[in-house]
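Right, one structure below, let's go through it.
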Number of protein chains: 2
Amino acid sequence: MTEAQEIETGARARTRRAIVEAAVRELARDSAASLGQIADAAGVGRTTLHRYFPDRAELLAAVGAETVARLTEVHARARVDEGDARAALRRLCPEYLLLGDLLTLLFTGVVPDAVLDGEGAAPLAALVARGHREGSIDPELDVEWVVGVVWAQLYLAWATLREGQAARHDIVPMLVRTVDKAVAP
Amino acid sequence: MTEAQEIETGARARTRRAIVEAAVRELARDSAASLGQIADAAGVGRTTLHRYFPDRAELLAAVGAETVARLTEVHARARVDEGDARAALRRLCPEYLLLGDLLTLLFTGVVPDAVLDGEGAAPLAALVARGHREGSIDPELDVEWVVGVVWAQLYLAWATLREGQAARHDIVPMLVRTVDKAVAP
DNA sequence: CCGAAGTGGAACATTGATGTTCCAACATGG
DNA sequence: CCATGTTGGAACATCAATGTTCCACTTCGG
């Protein structure tokens, strides 16, 4: 009965993890990164990578699954239903930022958009809709537009951090400030 | 003395234009589009494409030049030095949006970033700096951050338009509204 | 109308990525 | 210590993209 969740030894789990993490890093840097580059970045041979992920599509699927998992974590941790919607959004931004390179993959569509459209954007869209009802979020702005503005600024913030052009403690306040002001009624 | 600016017959100029335009369109859709796809989209043979642009790098350079030219046009047309900086920014957004797929290429870095950093972002950065001095733009926000927020939302607006998820007359007011509120002091 | 300019397609060589197979090395826990 | 699980690398076949050459066909201006 271990079909869905294969049991793996310590070594296998560790190697698998290293490969997926390297894939996230390299694909964020260059969405056309070759499997060879990813294997190098993971510190494993290309053969080993193919042992875990027979082809590129399976590796991308694993990255997608990782994304969904991390996204679910963030939503669970952020308690998006507490307080007024705009305040929840202010709390949510720094949490999302912890997704790091996954933000890049989501925003640039390396991971199939279905992920973002489904599991990914739904809680945020619901939060914005609640803000509309409560009156804490500008009614002139579509839910979709607000969601887009949030994602776009998260992506921007991460890209800035990643390239070392600013430090986290400088970026986060500006991110929260521009998101909050943009969506305020 | 026609070294820098080759004189071309009507036919050559037309074909060249068609290729560059198709390249912009296809590369915006998929930054890894093959030369064959681009040639097809331009309605010319792959051989003809190679006649105009011996290799991929030269085609990308031509796209870069096109980008600079269009960007220069926008800056010339927008009269960024008139009125207060925030008002100028409100006028500027719809103009930038006319860049269409070029926004995608700029934002996703298909065109070498040097273009954006140099000719591209300078006038906008100058506008924001003026806004800081005048007090019409939030002094808590870095010039770089404000510039990033503007580009990110322009990219978002174009992506939304391109995918037909909203009409221009719905998007533009929301774009201007969120940009303006975000940068207001 | 005719010659030059422009074009498309077939054919080819080259290259880099991909995926597979096989084997030698190695650690590691029983 | 040794059987098993795990790994890396070499070698190979395949494939798609790239860039080149050559030739036949249009077309369009003088």
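If you're wondering where the values come from, they're calculated on a predicted model, not measured in any experiment. Here is how names work: the chains are called A, B, and so on, in the same order as the sequence lines, proteins then strands, and each is numbered from 1. What's counted below: heavy atoms across the whole structure, side chains too, no hydrogens, waters or symmetry copies.
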Inset, instruction - Check the pair B:Glu95, B:Arg91 against salt bridge (Lys or Arg N to Asp or Glu O under 4.0 Å), reporting the backbone distance first and the verdict last. - result: CA-CA 7 Å; B:Glu95 293 289 340; B:Arg91 272 181 283 126; over 6 Å; no
Inset, instruction - Report the distance from atom CZ of A:Arg16 to atom C1' of D:dT6, rounded to the nearest whole Å. - result: 16 Å
Legend entry - Full working for side chain to side chain contact (heavy atoms under 4.5 Å, CB included) between A:Met174 and B:Val146: CA-CA 9 Å; A:Met174 293 196 290; B:Val146 174; over 6 Å; no
Legend entry - Enclosure of B:Arg79 CZ (heavy-atom neighbours >12, cutoff 6.0 Å): no
Inset, instruction - Figure out the CD1/P separation between A:Ile19 and D:dT6, and round it to whole Å. - result: 13 Å
Inset, instruction - Rounded off to whole Å, could you give me the CZ-to-P distance for the B:Arg12 and C:dA5 pair? - result: 11 Å
Legend entry - Interface with DNA chain C, restricted to residues 53-62 of chain A and to heavy atoms under 4.0 Å: A:Pro54, A:Asp55, A:Arg56
Inset, instruction - Kindly state which residues belonging to residues 29-39 of chain B come within less than 4.0 angstrom of DNA chain D, counting heavy atoms of the residue only, listed by number. - result: B:Ser34, B:Leu35
Legend entry - Note: A:Asp180-A:Arg90 ion pair, threshold 4.0 Å (strictly below): yes
Inset, instruction - Whole angstrom is fine here: how far is it from CG in A:Asp40 over to P in C:dA17? - result: 11 Å
Legend entry - A:Thr15, nearest nucleotide to its side chain (from C:dG6, D:dT20, D:dT7): D:dT7
Inset, instruction - Using modelled atom types only, decide if a donor and an acceptor are shared between the side chain of B:Arg162 and the backbone of B:Thr104 within a distance under 3.5 Å. - result: no
Inset, instruction - Mark yes or no for whether B:Asp40, through its side chain, and B:Gly43, through its backbone, hold a donor-acceptor pair below 3.5 Å. - result: no
Legend entry - side chain to side chain contact (heavy atoms under 4.5 Å, CB included) assessment of A:Tyr155 paired with A:Thr108: CA-CA 9 Å; A:Tyr155 169 79; A:Thr108 59; 4.1 Å; yes
Legend entry - Separation of D:dG9 P from A:His50 NE2 (nearest whole Å): 15 Å
Inset, instruction - Report yes if a side-chain nitrogen or oxygen of B:Tyr52 is closer than 4.0 Å to either non-bridging phosphate oxygen (OP1 or OP2) of C:dG6; otherwise report no. - result: no
Legend entry - Set of side chain to side chain contact (heavy atoms under 4.5 Å, CB included) partners for A:Asp170, sequence neighbours left out: A:Ala167
Legend entry - Partners passing ring pair (Phe, Tyr, Trp, His ring centres under 6.0 Å) against A:His75 (at least two apart in sequence or in another chain): A:Tyr96
Legend entry - Geometric cation-pi criterion, A:Arg12 with A:Tyr52: 6.0 Å, 45°: yes
Legend entry - Under 4.0 Å protein heavy-atom contacts per nucleotide of nucleotides 24-30 of chain D, with B for base, S for backbone only and - for none: -------
Legend entry - B:Val44 vs A:Arg46, nearer the 5' end of DNA chain C by closest nucleotide: B:Val44
Legend entry - Trace of the side chain to side chain contact (heavy atoms under 4.5 Å, CB included) decision for A:Val74 with A:Leu92: CA-CA 8 Å; A:Val74 167; A:Leu92 197 48; 4.3 Å; yes
Inset, instruction - Do nucleotides 22-30 of chain C as a string where each nucleotide becomes B, S or -: B if the base has a protein heavy atom under 4.0 Å, S if just the sugar-phosphate does, - if no protein is that close. - result: ---------
Inset, instruction - Show your working on salt bridge (Lys or Arg N to Asp or Glu O under 4.0 Å) between A:Glu21 and A:Arg17 and close with a plain yes or no. - result: CA-CA 6 Å; A:Glu21 282 171 8; A:Arg17 245 202 118 47; 3.2 Å; yes
Legend entry - B:Arg177/A:Asp138 ion pair, N-O < 4.0 Å: yes
